[in-house]
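Data first, discussion second: the structure below is written as structure tokens.
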There are 2 protein chains.
Amino acid sequence: MSIETDIKQKKFRSAFQRLAINLTYTSNWLGYKQLELFKEHDITSQQYNVLRILRGQQSNPIKVSDIADRMLDKNSNTSRLIDKLLVKGFAKRTSCPSDRRAVDVVITETGLELLSRIDPILEEWENGLSASITEEEAELVSSLLDKMRESDSNNKNQ
Amino acid sequence: MSIETDIKQKKFRSAFQRLAINLTYTSNWLGYKQLELFKEHDITSQQYNVLRILRGQQSNPIKVSDIADRMLDKNSNTSRLIDKLLVKGFAKRTSCPSDRRAVDVVITETGLELLSRIDPILEEWENGLSASITEEEAELVSSLLDKMRESDSNNKNQ
DNA sequence: GATAAATACATGTTACTACATTAAATGTAC
DNA sequence: GTACATTTAATGTAGTAACATGTATTTATC
């Protein structure tokens, strides 16, 4: 259904406004979908996000601030997210030897197991998208979103 | 910058996974931008969202649940969002005469004034996007997001 | 080498969200 | 018309987020 119908707004002041609103709406939609998927595994989207980043590191530890960067999150929240993962046994936290301010985080075996249980479910859902958009279209949207975020650097001196 | 570089993940299991992750990332990016814009007007993105919907109604009142629908939000949160707008004098709440369970919400003059102050700022930011993507591309992304959300109905019986 | 500034993380506080529950009004079956 | 389910909104509670601040460590400047 078009965003016009979904939010019952007929006119937008520009294609860019429509895009901004649609982006937020679609992200909410996606967020609720994911919430539903993750709920039964006693984990949140944010926590999954951290675990995915940790897995990407293989056994290489990663700092809290680097995780926060990749999530566009505040350090303080990431700190507490990792607390939760620690309590559940999905991550380990050790002091970084080269910089004692920093904290090295790695995923545990239990964490990897959790991901391997969640992955097929997520994958199935993602592939369900192919019923509505093609792979080429998905790639197209993704690359246009990349382009859109580039306005960041353009706007900095305004 | 590409999402691969932003989140430093080189491989995705599919174009659809990349899209899902990129969508969340870009929406967070947009969210922080808006937060910044709204902050000095003592209002949140969510509250602005409600006001925008109320303005779209002109003087026609709208029910709390209808607002929630258009925001993909929970009724309970919308209820409290409106509380905030009420306190600030941006919205009015009256009992619906035809259905006394419902609550009619309308925007006030003060609310309209606030929007008219915020609009040009938002508009300027939105138009700043044109430095990175064209109007045609914005429309394209928007329509593809619409298409993407259609998998909702497809997935319902799975 | 001492001092100032910056960095990395943690935490207290306040506000917001999800979820479950409550309360009132309406709809439906009999 | 009464009994039961549904709808609509509000609220209590627990968890999460944003923001400011605190503490420890490192880097830069003199």
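Since this is a predicted model, take the numbers as computed values, not measurements. In what follows, chains carry the letters A, B, and so on, assigned in the order in which the sequence lines appear, proteins first and then strands, with residues in each chain numbered from 1. Just the heavy atoms: all of them, side chains too, but no hydrogens, waters or symmetry mates, feed the values below.
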Item to check | Contact pattern, 5' to 3', of nucleotides 13-24 of chain C - B, S or - by protein heavy atom under 4.0 Å | outcome: B--SBBB-----
Checklist entry - What do the steps show when you test A:Glu4 against A:Lys11 for salt bridge (charged side-chain N to carboxylate O under 4.0 Å, His left out), and what is the final call? => result CA-CA 8 Å; A:Glu4 279 92 342; A:Lys11 287 178 73 175; over 6 Å; no
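- Extent of DNA chain D lying under 4.0 Å from chain A heavy atoms, first and last nucleotide in 5' to 3' order, is D:dT16 to D:dT26.
- A:Lys8 and B:Asp66 are not joined by a salt bridge, as no carboxylate oxygen comes within less than 4.0 angstrom of a charged side-chain nitrogen.
- Within a heavy-atom distance below 4.0 Å of DNA chain C, the residues of residues 51-70 of chain A found are A:Lys63, A:Val64, A:Ser65.
- Looking at A:Thr108, its side chain does come within 3.5 Å of a backbone N or O of A:Phe90 through a donor-acceptor pair.
- When A:His41, A:Lys84, A:Lys88 are each tested for a side chain to side chain donor-acceptor pair (under 3.5 Å) with A:Gln47, only one passes: A:Lys88.
- Just one residue in the list A:Leu81, A:Val103, A:Val50 forms a side chain to side chain contact (heavy atoms under 4.5 Å, CB included) with A:Val64, and that residue is A:Val103.
- Residues A:Val105 and A:Leu54 are in side-chain contact: their nearest non-hydrogen atoms beyond the backbone lie under 4.5 Å apart.
- Taking the side chain to side chain donor-acceptor pair (under 3.5 Å) definition, one finds that B:Arg52 meets it with A:Gln9, B:Asn49, sequence neighbours left out.
- Counting only N and O atoms by type, the side chains of A:Asp104 and A:Thr94 include no donor and acceptor under 3.5 Å apart.
- The two residues A:Pro61 and A:Gln57 have their closest heavy-atom pair at O-NE2, 3.8 Å.
- The only option from A:Ile62, A:Thr78, A:Ile107, A:Asp69 that meets the side chain to side chain contact (heavy atoms under 4.5 Å, CB included) definition with A:Ile53 turns out to be A:Ile62.
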Next on the checklist: B:Asp119 vs B:Arg55, test: salt bridge (charged side-chain N to carboxylate O under 4.0 Å, His left out). Steps then yes/no.
Outcome noted: CA-CA 12 Å; B:Asp119 276 342; B:Arg55 176 172 58 181; 2.7 Å; yes
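- Contacts with DNA chain C (heavy atom under 4.0 Å) in residues 85-99 of chain B: B:Asp99, listed by number.
- Every pair tested for salt bridge (charged side-chain N to carboxylate O under 4.0 Å, His left out) that includes a residue from residues 70-81 of chain B fails, sequence neighbours excluded, so the list is empty.
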